[in-house]
Number of protein chains: 2
Amino acid sequence: KQTFAVIGLGRFGLSVCQSLIEEEQEVLAIDNDEELVTSYKDLVTQAVIADAQDEDAMRDLDLGNFDHVVIALGQNIQASVLATLIVKELGAKHIVAKAETTMHGRALEKIGADSIVFPERDMGQRVAHRLISHNILNYLALSDTYTLAEIRVANDKFNGKTLAELNFHDQFGLMLVAIARNNDVQVSPPATAIIQEGDTLSVIGKTVDVDRLDEATS
Amino acid sequence: KQTFAVIGLGRFGLSVCQSLIEEEQEVLAIDNDEELVTSYKDLVTQAVIADAQDEDAMRDLDLGNFDHVVIALGQNIQASVLATLIVKELGAKHIVAKAETTMHGRALEKIGADSIVFPERDMGQRVAHRLISHNILNYLALSDTYTLAEIRVANDKFNGKTLAELNFHDQFGLMLVAIARNNDVQVSPPATAIIQEGDTLSVIGKTVDVDRLDEATS
Ligand SMILES: Nc1ncnc2c1ncn2[C@@H]1O[C@H](COP(=O)(O)OP(=O)(O)OP(=O)(O)O)[C@@H](O)[C@H]1O
Ligand SMILES: Nc1ncnc2c1ncn2[C@@H]1O[C@H](COP(=O)(O)OP(=O)(O)OP(=O)(O)O)[C@@H](O)[C@H]1O
C-alpha cells in the first residue's frame, strides 16, 4: 500500500484527499487553519495543524518517507515554493504541486516538483475550447499533431447512415473507436454500424481532421 | 462569429478569456475589482467594472444577446447564484458556471445554467487517480463502464514483442487505438507493431480491463 500526504485543504487539496480516501488509501492531511483541520479530521487517516514553511514541523511529520506528497497551496505562492523545497530536501520520492501561473510552475519545477498541475488554467482552456468548437465534448492531446476526441453529432446529416455508406475513414481520415448512445457504448464499431443525431463519436487522428469532423457534425 | 461574456477574472475566468482571445474570439470581461479590470483591459475586446449581482448593470451590458456567458465566480457563492439567475432571466442562450461544491452545482443547475464546471474538484480527482493507478496518464470516462485511457508501459515485460505475440486484444479485452513513442503517434497499430518500455498506449474498453492493463504495465 502506498502512503500519501496532502498539504493544504483548499478546494483542490480537499478533492485529492476525498478521492484518495474513496479508493481506500491512507492520507495525512496538513493545514495551518485549525478550523479546517478539525472539520476534516474524520475524513482522512490523520489530520495535523502545521505551517508548511516550518522545516522542523515538516521533518517531525516524516514527510520524506511518504510515497507521494501533494502540495496544494495556491494563492500563497511563497508558502507553495518553500514547502516544495522543504519536502524535496527531506527526500520525498514523488511531489505533485499545484501552480497558479506559468512562472510559479517553472519555479516549482526547478526546485524539484515531479509533477505540476494548473487546475483553473487547464479547466479554463478546456471550457474555452469546448465553447468555440461546436461539439467537442472532451479531448486528449496525444502529441502535437494527434488528438483523441469525443464529438457529439448535432445534426441529422449522418442520420441512419452506416459507416460504410458514409465512407467514414476515407472522408474524414479518422479512426472511429466508439459510438456512445445514452449510456451504451459500442467499441470498435463495424462498417455496418449506424450513426444517429445525438450520438457521441470517439475518434482518433490528426487534430486538423478532428476539427473538420467537428465542423461537419455541427 | 460567436460572442462571449466572462464574469469574474479569477484564475479560471482569466484562463477562459486568454484561451478565447488566442482563438481570435470577441470577449467582454466583467469584474467588480477595478484593479483587475484595468490590468486586463488590453487583453480582451472590452473590460467593464460592474457588480454581477446588479440586475440593471447586467441588463445595460446586454448579456442576454451573447452566445455564451461564463460565470467564473467561485468563493462568493451568493454572487455566483444571483448572477446566474440574472443572466438566465435576461435570456442568455448558453450559460457555463463554475461551482465550488456539489450543492452549489445543483443550485446553479436548478436556476438554469447549461453547463457546470468544478475545476479544483475535477483536477483533484484526476491527480488522485493518477497517483493511485501506476501508469494511467490521462483518461476519458465514456460511460459508467467504458473508459478511454493513455497508459505508460513502465516495465520491460512487453519489450520487443508484437501485438500478435502478446495476443493483446484477447489477453486484455481492450482495443489498442494508438502507440505513442516520443512525439510520434501510430494510430490503429497493426498486429506486427512492437511495444517498448516507455511507450504510451491509448486503449479503449471496460474500465475494469483498463485497470488490469495498468497493473500489468507497472
Ligand atoms: N503555510 C501554510 N501551511 C499550511 N497550510 C497552508 C499554508 N498556507 C495556506 N495553507 C492552507 O492551504 C489551503 C489552500 O490555500 P490557498 O488559498 O493558497 O489555495 P487556493 O489555490 O485558493 O486553493 P483552492 O483553489 O484549491 O481552493 C488553505 O486551506 C490554507 O489554509
Ligand atoms: N459580485 C461580483 N461581481 C463581479 N465580479 C465579482 C463579484 N464577486 C467576485 N467577483 C470577481 O470574481 C473573481 C473570482 O472570484 P472568486 O474569488 O469568488 O473566485 P475563485 O473561485 O477564487 O476564482 P479562481 O479559483 O478562478 O481564482 C474575482 O476576480 C472577483 O473580483
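Remember, it's a predicted structure, so these values are computed and weren't measured experimentally. To find a chain, count down the sequence lines: A is the first, B the second, and so on, and within it residues start at 1.
- Heavy atoms closer than 4.5 Å to chain A are found in the side chain of B/Val127, but not in its backbone.
- Looking only at heavy-atom pairs under 4.5 Å with chain B, the residue among A/Asp144, A/Thr145, A/Leu137, A/Val70 that has the most is A/Asp144.
- Contact count against chain B (heavy-atom pairs under 4.5 Å) is highest for A/Gln125 among A/His129, A/His94, A/Gln18, A/Gln125.
- In terms of non-hydrogen atom pairs under 4.5 Å with chain B, the most contact-rich of A/Glu100, A/Met123, A/Gln25 is A/Met123.
- Rounding to the nearest 0.5 Å gives a distance of 15.5 Å between CG of B/Leu148 and OH of A/Tyr139.
- Residue-level contacts of residues 181-195 of chain A with chain B, in order of numbering, are A/Asn183, A/Val185, A/Val187, A/Ser188; threshold 4.5 Å between heavy atoms.
- Residue with the most contacts toward chain A among B/His68, B/Arg130, B/Gln2: B/His68 (heavy-atom pairs, distance under 4.5 Å).
- Using a 4.5 Å cut-off between heavy atoms, B/Phe118 touches chain A through its backbone atoms (N, CA, C, O) alone.
- Closest of all the heavy-atom pairs between A/Ser15 and B/Gly124 is OG-CA, 3.4 Å.
- Within the model, atoms CD of B/Glu23 and CD1 of A/Ile132 stand 4.5 Å from one another, a figure rounded to the nearest 0.5 Å.
- The number of heavy atoms from other shown groups lying within 6.0 Å of OH (B/Tyr40) does not exceed 12.
- Here the OG1-CG distance, from B/Thr200 to A/Leu140, works out to 11.5 Å after rounding to the nearest 0.5 Å.
- Between chain B and the residues A/Asn138, A/Val117, A/Asp67, A/Leu142, the largest count of heavy-atom pairs under 4.5 Å involves A/Leu142.
- Atoms OG and CZ, on A/Ser19 and B/Arg121 in that order, are 9.0 Å from each other to the nearest 0.5 Å.
- Separation of atoms OG (A/Ser115) and CG (B/Leu131) is listed at 7.5 Å; rounding is to 0.5 Å.
- Applying a 4.5 Å heavy-atom cutoff, the residues of residues 75-84 of chain A that approach chain B are A/Gln75.
- Here CG of B/Leu14 is found 11.0 Å from OG1 of A/Thr101. Values are rounded to the nearest 0.5 Å.
- Looking at B/Val6, there are no atoms closer than 4.5 Å to chain A (heavy atoms on both sides), in backbone or side chain.
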